[in-house]
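In what follows, a structure is listed as structure tokens, so that the remarks can point back to it.
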Amino acid sequence: LRDLHARLPTGPDAVSFGLGMPSAELFPNAAYGRAVAQLLASDPKALQYALPSPVLKRHIVALMSLRGVTCSPDQVFLTAGGQQGISLLSRLFLDPGRVVVADEVTYEGFSAAIQPVRPRVLTVPVDADVGSDPDALQSLLRRGARPAFVYLIPDGHNPLGCSMPLDARRKFVALAREFQVLMVEDGAYGLLQYDEKPAPPLRALDDEWVCYVGSFSKILAPAIRVGWLVVPTWMIPLLSRTKQGEDLDVGNLNQCALATYLDAEDFPRHLERLRSEYRVRRDRMLAALKAHFPVGTRWNHPSCGFYIWCELPPGLDATERVDAAIAAAVSFVPGDVFRLGGRQLRGSMRLSFSTYAPNRIEEGIRRLGWVLHAVTDPGSPGHVGHVVVGGDW
Ligand SMILES: Cc1ncc(COP(=O)(O)O)c(C=O)c1O
């Protein structure tokens with residue numbers, strides 16, 4: 001994915017649906033700037049080494065309660081983003097002899113996090129409408145598999161966009177208890193829900209076997225590099241030791257500026273603004289797909305997060321279309337990039353609807369539709385030989 005990142009079109013009319021970038025227009029630059037300035041003016045130790053901020057932990061407890069999770073500050077562990085949370089848990093619990101279970105199509109950062117510890121990976125099927133299959137996990141466990149943990153993305157799955165129904169969540173939690181297996185619940189998108197009554201996170205159903213991975217990247221700004229884990233208290237000193245070997249602290253300026261920002265601002269209102277803007281973008285992309293993609297393409301209707309998963313009609317290979325799309329100043333990620341196990345996914349693509357304003361989304365999907373139509377109908381004006389970047393689309 002990083003290779004693709006380096007190749008993405010960058011011109012003024014480029015439209016990238018490739019990366020899970022939050023919308024830059026929704027970053028609270030002014031309010032965050034005020035918080036940083038206030039902190040630097042009032043706290044002479046803001047740039048010093050420091051222990052994790054208790055104020056920030058209390059804010060995180062309040063954020064978790066918005067998701068129906070009851071936890072205490074001594075169950076919160078601060079990280080430099082969700083990715084570090086996954087990596088620390090992997091380093092703590094995995095080694096080459098251990099087994100880890102994940103979806104057969106999953107967040108590529110998970111594969112990157114476990115790679116240095118080289119565990120044995122078992123996968124469960126995952127469906128673009130209803131998410132991970134608890135019955136498949138049950139059968140692995142009944143056949144004797146004893147994973148160190150199971151990695152799940154129940155809300156706004158990356159890359160599939162789906163959210164897990166309540167009964168599947170209950171089944172996963174019941175399996176965790178019955179077989180005493182940890183569930184690592186990646187909640188990177190969990191506060192970006194677009195429907196009325198989302199199902200509760202696994203951590204709201206169990207506080208002993210579920211480790212929740214949270215992040216400010218998608219709900220505030222990724223450059224702040226602050227995330228968190230909610231874990232049983234016995235894990236906190238172990239995580240501290242593992243993290244200290246890596247990078248000592250979460251940058252104190254980032255932690256404290258974030259705490260100052262959260263003290264001053266109405267964060268639930270900021271979240272509501274994000275939800276309503278991303279909901280509009282999702283709907284615009286869904287409508288544009290209907291208008292511009294080849295007949296026979298199928299896609300899902302995500303209720304959370306940044307991604308729509310598309311399955312192209314038979315004969316269309318998403319991986320082979322990457323270069324033509326980049327030439328047309330538009331991009332996507334071919335589904336196969338996210339495959340951890342199972343069958344090939346050459347006919348699938350992940351599209352992010354988060355990055356651009358609705359009109360740019362419409363424009364990008366129109367271009368991508370042309371790039372795809374060029375294969376199904378080589379005489380169409382969208383044939384790659386006819387594409388004029390920045391021309392009259
Ligand atoms: C599912 C998932 N988990 C974790 C992350 C990590 O994000 P960060 O380290 O910026 O919090 C991402 C980022 O794209 C993600 O999609």
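Counting convention: from 1, in listed order, for ligands and their atoms alike.
Protein heavy atom in closest approach to atom 5 (C) of ligand 1: Tyr107 OH, 3.2 Å. Among all protein heavy atoms, the one lying closest to atom 16 (O) of ligand 1 is Tyr189 OH, 2.6 Å. Considering only non-hydrogen protein atoms, atom 14 (O) of ligand 1 sits nearest to Lys218 NZ, 2.8 Å. Looking only at heavy atoms of the protein, atom 10 (O) of ligand 1 is closest to Ser217 OG, 2.6 Å. Atom 1 (C) of ligand 1 has as its closest protein heavy atom Asp186 OD2, 3.3 Å. Atom 7 (O) of ligand 1 has its closest protein heavy atom at Gln83 N, 4.2 Å.
Taking every heavy atom of Gly81 and a limit of under 4.0 angstrom, the matching atoms of ligand 1 come to 9 (O), 11 (O). Each of the following atoms of ligand 1 lies closer than 4.0 Å to a heavy atom of Gly82: 8 (P), 9 (O), 11 (O). Against a heavy-atom cut-off of under 4.0 Å, Asn158 is close to the following atoms of ligand 1: 1 (C), 15 (C), 16 (O).
By heavy-atom distance, the residue among Ala221, Gly227, Ser215 lying nearest atom 11 (O) of ligand 1 is Ser215.
No part of Pro222 comes within 4.0 Å of ligand 1, judged by heavy-atom distances.
Residues passing the ring-ring contact (aromatic ring centres under 6.0 Å, His included) test with Tyr32, sequence neighbours excluded: Tyr261.
For the pair Arg225 and ligand 1, a heavy-atom separation below 4.0 Å is found.
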